[in-house]
Amino acid sequence: MSTEPMAGRRQACLRRIEAALDGVFDDIERIAAELERLWEGQAGLGKAPVSADLKSLRTLADDRLTRDNRWVLGTGVVLEPGVLADCDMFCEWRHLVGEGKPAQLDLNFNRSSDSYYNYRDMPWFTQPRETGRRVVEGPYIDLYGQDAYILTFARPLQCRGDFLGIAGADVHLGRFERILVPGLLQLEHDALLVNASGRVIASNTPGWLPGERFRMPDQGSPPGCLVTPLAGQHAHWQLVESLDSALVRDDG
């Protein structure tokens, strides 16, 4: 059997996945551009913004949450501690409540509280800060926001070389999966889309559910499998196809 049709289907599947990711980042980019424009304006006046200045982002965030929205649960910015003039930790984050109405996400930044929300050490915040690159973290259960299985998309915010925080979005995995699976179903073999740690994001087989962990070797491809990294800044996601052996779970 010729491998050419198989390779073509694989590339079409990868392009579909990458286009879906880029679509989410395109919306995040609008919020990021507005925040950086605001920051640059204040820097030109020799001032640091205050938290009230960020309310101007709500129109963009609410528009994204209500306009033809199929999977975004929340979106906004989360700031590096100390960059605002009037408070330490801060996020301007809008999410859907009730019958799909946007509202401000209320988080506890009191470090002496049992419910203190410490975003400073979360991968979706630390990775953009350390690498200067956008990331997609998850899947995981967001206990503080939407209480759903989600992916967090994040893009670093900067002004004059200084890290300001991240612009991001929380995406409902179950809904986002629907745009990923059709491409996977075109592949000849059982296939998984996994993150860097082997967590399943989507699959073309009912034997694998999102969040389960595939056993990835430290180096190379698993025996009997073909592993294809996504291009560009999504290279921490990989497409795993079973060519002549079963896909093995990591139960460790």
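The first residue in the sequence is number 1, and the count goes up from there.
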Shortest non-hydrogen separation from P210 to E177 and the atoms involved = CG-OE2, 3.6 Å
Is V78 linked to L157 within one hydrophobic cluster, defined over Ile, Leu, Val, Met, Phe, Trp and Tyr using a side-chain heavy-atom separation of less than 4.5 Å?
-> no
Any chance you could lay out the salt bridge (Lys or Arg N to Asp or Glu O under 4.0 Å) test for R64 and D26, step after step, and finish with the verdict?
-> CA-CA 11 Å; R64 180 60 193 93; D26 285 347; over 6 Å; no
What are the two closest heavy atoms between G207 and E212, and how far apart are they?
-> O-OE1, 3.9 Å
What closest approach, in Å, do V227 and P229 show between heavy atoms, and which atom pair accounts for it?
-> O-CD, 3.9 Å
Determine yes or no for a side-chain-to-main-chain donor-acceptor pair under 3.5 angstrom, with Y119 supplying the side chain and L79 the backbone.
-> yes
Verify same cluster id: I141, L209 (apolar side-chain graph, 4.5 Å) | no
Between R67 and D27, does at least one N-O distance fall below 4.0 Å, as a salt bridge requires?
-> yes
Just by modelled atom types, is the Q186 backbone N or O under 3.5 Å from a matching donor or acceptor in the R9 side chain?
-> yes
Could you tell me whether the side chain of D86 and the main chain of S51 form a donor-acceptor pair under 3.5 Å?
-> yes
Roughly how far apart are Q127 CD and I166 CD1, rounded to 0.5 Å?
-> 12.5 Å
Interatomic distance, CD@Q238 vs SG@C225, rounded to 0.5 Å, equals 11.5 Å
Rounded to the nearest 0.5 angstrom, the CG-CG distance for L180 and L21 is 7.0 Å
Parallel, tilted or perpendicular: which fits the ring planes of Y117 and F109, with parallel below 30° and perpendicular above 60°?
-> tilted
Do the non-hydrogen side-chain atoms of V171 and L73 ever get within less than 4.5 Å of each other?
-> no
Got a donor-acceptor contact below 3.5 angstrom from the D121 side chain to the P123 backbone?
-> no
Gap between atom SG of C91 and atom CD of Q104 - 0.5 Å precision | 6.5 Å
Salt bridge (Lys or Arg N to Asp or Glu O under 4.0 Å) between R155 and E36, worked out | CA-CA 12 Å; R155 178 261 208 215; E36 290 175 342; 2.7 Å; yes
So do F163 and P156 actually touch side chain to side chain, heavy atoms under 4.5 Å?
-> yes
Flag the pair K101 / L65 as yes when at least one side-chain heavy-atom distance between them is below 4.5 Å, and no otherwise.
-> no
Within-4.5 Å side-chain heavy-atom neighbours: I201 and L173 = yes
Can you see which heavy atom on S115 is nearest to which on N108, and at what distance?
-> OG-ND2, 2.8 Å
If every non-hydrogen atom of A169 is compared with every non-hydrogen atom of V24, which pair is closest and at what distance?
-> CB-CG1, 4.4 Å
Under the 3.5 angstrom rule, does the side chain of D190 hit a backbone N or O of N204 as a donor-acceptor pair?
-> no
Inter-residue atom distance R120.CZ - M122.CE, 0.5 Å rounding | 11.0 Å
Kindly work out whether a path of hydrophobic side-chain contacts (I/L/V/M/F/W/Y, heavy atoms less than 4.5 Å apart) joins L38 to L84.
-> no
Rounded to the nearest 0.5 Å, what's the gap from OG1 on T152 to CH2 on W124? Could you check?
-> 7.0 Å
Ionic contact status for R37 with E34, cut-off 4.0 Å = yes
Decide yes or no on side-chain contact (heavy atoms from CB on, under 4.5 Å) for R16 and L14, but give the supporting numbers first.
-> CA-CA 5 Å; R16 184 184 183 97; L14 293 170; over 6 Å; no
Does the pair D170 and W93 meet the rule for a side-chain contact (heavy atoms from CB on, under 4.5 Å), with working shown?
-> CA-CA 10 Å; D170 285 338; W93 195 269; 3.8 Å; yes
Does any non-hydrogen side-chain atom of V136 lie less than 4.5 Å from one of H236?
-> yes
Before giving the answer on side-chain contact (heavy atoms from CB on, under 4.5 Å), spell out for L184 and L239 the whole-Å C-alpha distance, their side-chain angles and the decisive distance to 0.1 Å.
-> CA-CA 9 Å; L184 295 172; L239 177 65; 3.5 Å; yes
Apply ring-ring contact (aromatic ring centres under 6.0 Å, His included) to Y149 and Y140, showing your working.
-> CA-CA 5 Å; Y149 226 1; Y140 62 93; 8.3 Å; no
Can R10 and E241 be counted as an ion pair, charged N to O under 4.0 angstrom?
-> yes
If you measure only the distance, is there a donor-acceptor pair under 3.5 Å linking the side chains of T205 and S203?
-> no
Please tell me if the side chains of L164 and W39 come closer than 4.5 Å, counting only heavy atoms from C-beta onward.
-> yes
Are side-chain heavy atoms of W71 and R178 found at a separation under 4.5 Å?
-> no
Is there a side-chain contact (heavy atoms from CB on, under 4.5 Å) between V77 and L54 once you walk through the steps?
-> CA-CA 9 Å; V77 300; L54 274 62; 4.0 Å; yes
Cationic tip of R199 above F214 ring, under 6.0 Å, 45° of axis | no
Do NZ/NE/NH1/NH2 and the carboxylate oxygens of R134 and D22 come within less than 4.0 Å?
-> yes
Can you get from L60 to F153 by hopping between Ile, Leu, Val, Met, Phe, Trp and Tyr side chains that sit under 4.5 Å apart?
-> no
So do the side chains of Q42 and D53 get within less than 4.5 Å of each other, counting heavy atoms only?
-> yes
Joint cluster assignment, L107 & F125, ILVMFWY side-chain distance < 4.5 Å | yes
What pair of heavy atoms forms the shortest contact from T66 to G100, and how long is it?
-> CG2-O, 4.4 Å
